[in-house]
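This report concerns only the one structure given below.
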Amino acid sequence: MADTNEATAAEILADIRNGKVTAVSLVEAALDRAERLKHLNAFIVLNRDAALAAAREVDAGKRTGVLAGLPIVVKDNINTSDLPTSGGTPALQHARPKRNAPSLQKLLDAGAVVIGKTNLHELAFGITSTNLAPFAGPVRNPYDTNRIPGGSSGGTSAAIAARIATCGLGSDTGGSTRVPAALTGTVGLRPSVGNGGAERRYHDDNQVVPISHTRDTVGPMGRTVADVALLDAVISGSLLATPILLRGVRLGIPACFWSGLDRGVEAVARAACARLAAAGAVLVDVDMPGLFEQNDKVSFVVALHEPIADIPAWLAASGIDGIALSDIAAGVASPDVIGAFGAITADAFGAAYDDAIKVQRPALQAIYAAYLRDNKLDAILFPTTIAPAPVIDEKTGSGEMSVNGGDPAPTFGTMIRNTDPGSNAGLPGLSLYAGMTPGGLPVGLELDGPVGSDAKLLGLGLSIEAILGRAPPPKL
């Protein structure tokens with residue numbers, strides 16, 4: 001039998017099918033470990049009774065599918081009909097949607113067992129997962145519990161890194177699957193969003209507590225690329241990704257993404273690049289001038305205007321009565337999120353919105369399209385975050401941080417610098433483990449590609465992971 005703490009999802013499923021382990025024993029072990037590690041604040045609620053009932057159905061042959069018996073975790077902004085979907089905020093603590101989000105439903109239909117809803121940055125408006133709502137609390141990084149796990153899907157990444165589950169679901173608007181993956185030594189996929197419609201890989205309209213219909217997407221997270229690829233194949237209905245040989249693969253290395261890095265992150269990322277080059281990857285050192293400046297014309301304008309319509313649309317579609325946007329805003333507990341909702345309720349960016357969507361976002365997409373096309377690139381490669389996990393700020397939720405002893409800068413903007421532009425362009429992105437800093441903190445590398453290249457990114461990720469290895473378990 002595989003060591004279930006270090007096994008991939010596929011290995012665990014093979015052991016269930018071969019009768020080497022029961023679904024009930026796996027689910028019990030996951031729930032017990034979650035209880036033992038509750039100081040991490042990875043969960044908002046555990047699903048003990050229902051999870052064990054589902055596991056018993058698997059063992060009795062009444063619940064089948066390619067994921068039958070696999071324990072998974074689900075971020076608590078993704079609609080669940082049998083558990084509240086709180087978004088980690090007081091006004092929604094007991095909100096009960098009338099149906100499961102479609103991406104989750106596909107996993108359930110394949111036999112997966114939800115062991116709990118995971119904690120997050122309040123309403124997903126941040127990247128620290130320092131949630132100051134009384135029922136949530138700050139999520140802690142399993143590699144150093146004084147540090148953030150990243151966000152906003154920090155509970156999912158912490159649960160996976162702590163070996164409570166092999167995989168689960170997060171969501172991503174500006175880096176929320178990839179930032180926590182990088183900071184916890186795990187893997188996170190932001191699927192293609194493009195301009196919506198057929199360009200979207202996952203379809204969960206109005207079934208996830210929203211920030212932005214233009215930018216939001218559910219995303220699978222796992223301990224390994226194979227875990228993420230398995231969930232992606234089930235959700236997207238596509239073939240399981242397979243490794244792609246790196247020899248001859250062209251990876252763009254834009255200087256703007258590689259500047260201003262923490263020295264420990266840079267050393268790990270450069271060493272990883274050297275190993276990929278030795279395996280035959282072609283590293284193309286060409287910059288993307290003006291990218292960050294163009295991204296600034298899109299990012300906050302879209303994310304702080306669209307909630308005005310998107311949150312009421314989610315409430316209506318979810319059948320949640322008696323709660324309005326104003327109630328949610330009034331109940332926000334985390335100071336950094338209070339600031340964001342002040343801008344939303346005042347519609348501070350309303351006047352700039354049409355230009356951002358109709359002119360500036362297409363211009364951002366054009367920068368990416370030209371860069372990938374003109375340099376004949378398969379993907380773009382860069383450190384997911386410019387620094388390892390900063391210390392938790394339990395006063396504001398997301399304050400300031402310093403890189404290499406420099407001047408303090410806002411934690412939010414610092415940690416999403418590299419993940420945000422691809423999000424705004426609608427591109428898929430995959431963050432995977434690159435190595436550990438001398439201080440014992442994980443470092444992530446990200447691959448971004450053109451819309452629709454999700455399977456290719458996963459295939460490249462499988463080969464890169466085979467070279468760089470997987471993160472060692474945290475000492476818990």
Side-chain angles (χ1 to χ4, degrees), residues 2-16 21 23 26-27 29-31 33-34 42-43 47 51 54-55 58 65-76 78 80 101 103-120 142 149-150 153-172 176-178 180-182 184-191 202 217-236 238 240-241 430-433 444 454 457-458 461-462 465 470-471 473-474:
D3 174 357
T4 54
N5 280 346
E6 297 303 313
T8 65
E11 289 166 345
I12 290 169
L13 289 164
D15 281 348
I16 295 173
V21 66
L26 283 171
V27 169
L31 290 164
R33 188 166 175 81
F43 290 87
N47 192 33
V58 171
V66 294
L67 303 180
L70 180 69
I72 65 167
V73 296
V74 178
K75 186 178 179 180
D76 198 19
I78 297 171
T80 45
S103 292
L104 170 59
Q105 188 62 55
K106 289 180 180 179
L107 301 182
L108 294 173
D109 290 345
V113 177
V114 175
I115 63 165
K117 299 291 290 287
T118 50
N119 203 349
L120 65 156
S153 308
T156 295
S157 68
I160 292 168
R163 276 51 177 177
I164 294 168
T166 53
C167 51
L169 293 180
S171 67
D172 191 306
S176 288
T177 59
R178 295 159 292 149
T184 62
T186 56
V187 180
L189 173 68
R190 174 186 169 84
Y202 298 0
T217 180
V218 168
M221 303 172 71
R223 199 173 60 79
T224 70
V225 177
D227 299 325
V228 170
L230 178 60
L231 295 192
D232 173 73
V234 173
I235 295 170
S236 65
S238 58
L240 186 64
L430 177 72
S431 179
L432 69 163
Y433 173 71
D454 306 60
L457 294 183
L458 289 165
L462 289 166
E465 185 179 71
R470 302 169 182 172

Next on the checklist: Can you give me the closest heavy-atom contact between V58 and G69, atom names plus distance?
Outcome noted: CG2-N, 3.6 Å
Checklist entry - Is there a side-chain contact between E6 and R223 (heavy atoms, below 4.5 Å)? => result yes
Checklist entry - Nearest heavy-atom pair of A471 and G185: which atoms, and what distance? => result CB-O, 3.3 Å
Item to check | Stepwise side-chain contact (heavy atoms from CB on, under 4.5 Å) check, L104 with V114 | outcome: CA-CA 9 Å; L104 170 59; V114 175; 4.0 Å; yes
Item to check | Pairwise distance OG(S176) to CG(L120) - rounded to 0.5 angstrom | outcome: 9.0 Å
Next on the checklist: Do Y202 and L169 make a side-chain contact, defined as non-hydrogen atoms from C-beta onward lying under 4.5 Å apart?
Outcome noted: no
Item to check | Closest heavy-atom pair and its distance - R190, T177 | outcome: N-OG1, 3.8 Å
Item to check | Rounded distance [0.5 Å steps], OG in S236 versus CG in L189 | outcome: 9.5 Å
Checklist entry - L67 versus I72: any side-chain heavy-atom pair under 4.5 Å? => result no
Checklist entry - Would T217 and S103 count as a side-chain contact (heavy atoms from CB on, under 4.5 Å) if you check the C-alpha gap in whole Å, the side-chain angles of each, and the deciding distance to 0.1 Å? => result CA-CA 10 Å; T217 180; S103 292; over 6 Å; no
Checklist entry - So, do L26 and D15 sit near enough that their side-chain heavy atoms are less than 4.5 Å apart? => result no
Next on the checklist: How close do P71 and A165 get, counting heavy atoms only, and between which atoms?
Outcome noted: O-CB, 3.9 Å
Checklist outcome for this item: Between the CD atom in E465 and the OH atom in Y433, the distance rounded to the nearest 0.5 Å is 11.0 Å
Next on the checklist: Counting C-beta onward and ignoring hydrogens, is there a side-chain heavy-atom pair between N47 and T80 closer than 4.5 Å?
Outcome noted: no
Checklist outcome for this item: Scanning both residues in full, the closest heavy-atom pair of G461 with L432 reads O-CD1, 3.6 Å
Checklist entry - So which heavy atom on G222 is nearest to which on V228, and how close? => result N-CG2, 3.3 Å
Checklist entry - Would you say the side-chain atoms of R163 pair up with the backbone N or O of A161, donor to acceptor, closer than 3.5 Å? => result yes
Checklist entry - How far does CZ of R178 sit from OG of S157, to the nearest 0.5 angstrom? => result 13.5 Å
Checklist entry - Between I160 and T184, does a side-chain contact (heavy atoms from CB on, under 4.5 Å) hold up when you go through it step by step? => result CA-CA 9 Å; I160 292 168; T184 62; over 6 Å; no
Next on the checklist: A side-chain contact here means heavy atoms from C-beta on lying under 4.5 Å apart; do I164 and I115 qualify?
Outcome noted: yes
Checklist entry - Which residue, S431, P149, S153, forms the side-chain contact (heavy atoms from CB on, under 4.5 Å) with P180? => result S153
Next on the checklist: Could you check whether T118 and T156, counting side-chain N and O atoms only, form a donor-acceptor pair closer than 3.5 Å?
Outcome noted: yes
Next on the checklist: Treating N119 as the side-chain partner and G155 as the backbone partner, does any N or O pair qualify as donor plus acceptor under 3.5 Å?
Outcome noted: no
Checklist entry - Side chains of T166 and E11: does their closest heavy-atom pair fall under 4.5 Å? => result no
Checklist entry - What is the distance from atom CD1 of I235 to atom CG of D109, rounded to the nearest 0.5 Å? => result 11.5 Å
Checklist entry - Is the shortest heavy-atom distance from the side chain of D227 to the side chain of V187 under 4.5 Å? => result no
Checklist entry - Distance from L457 atom CG to L462 atom CG, nearest 0.5 Å? => result 11.0 Å
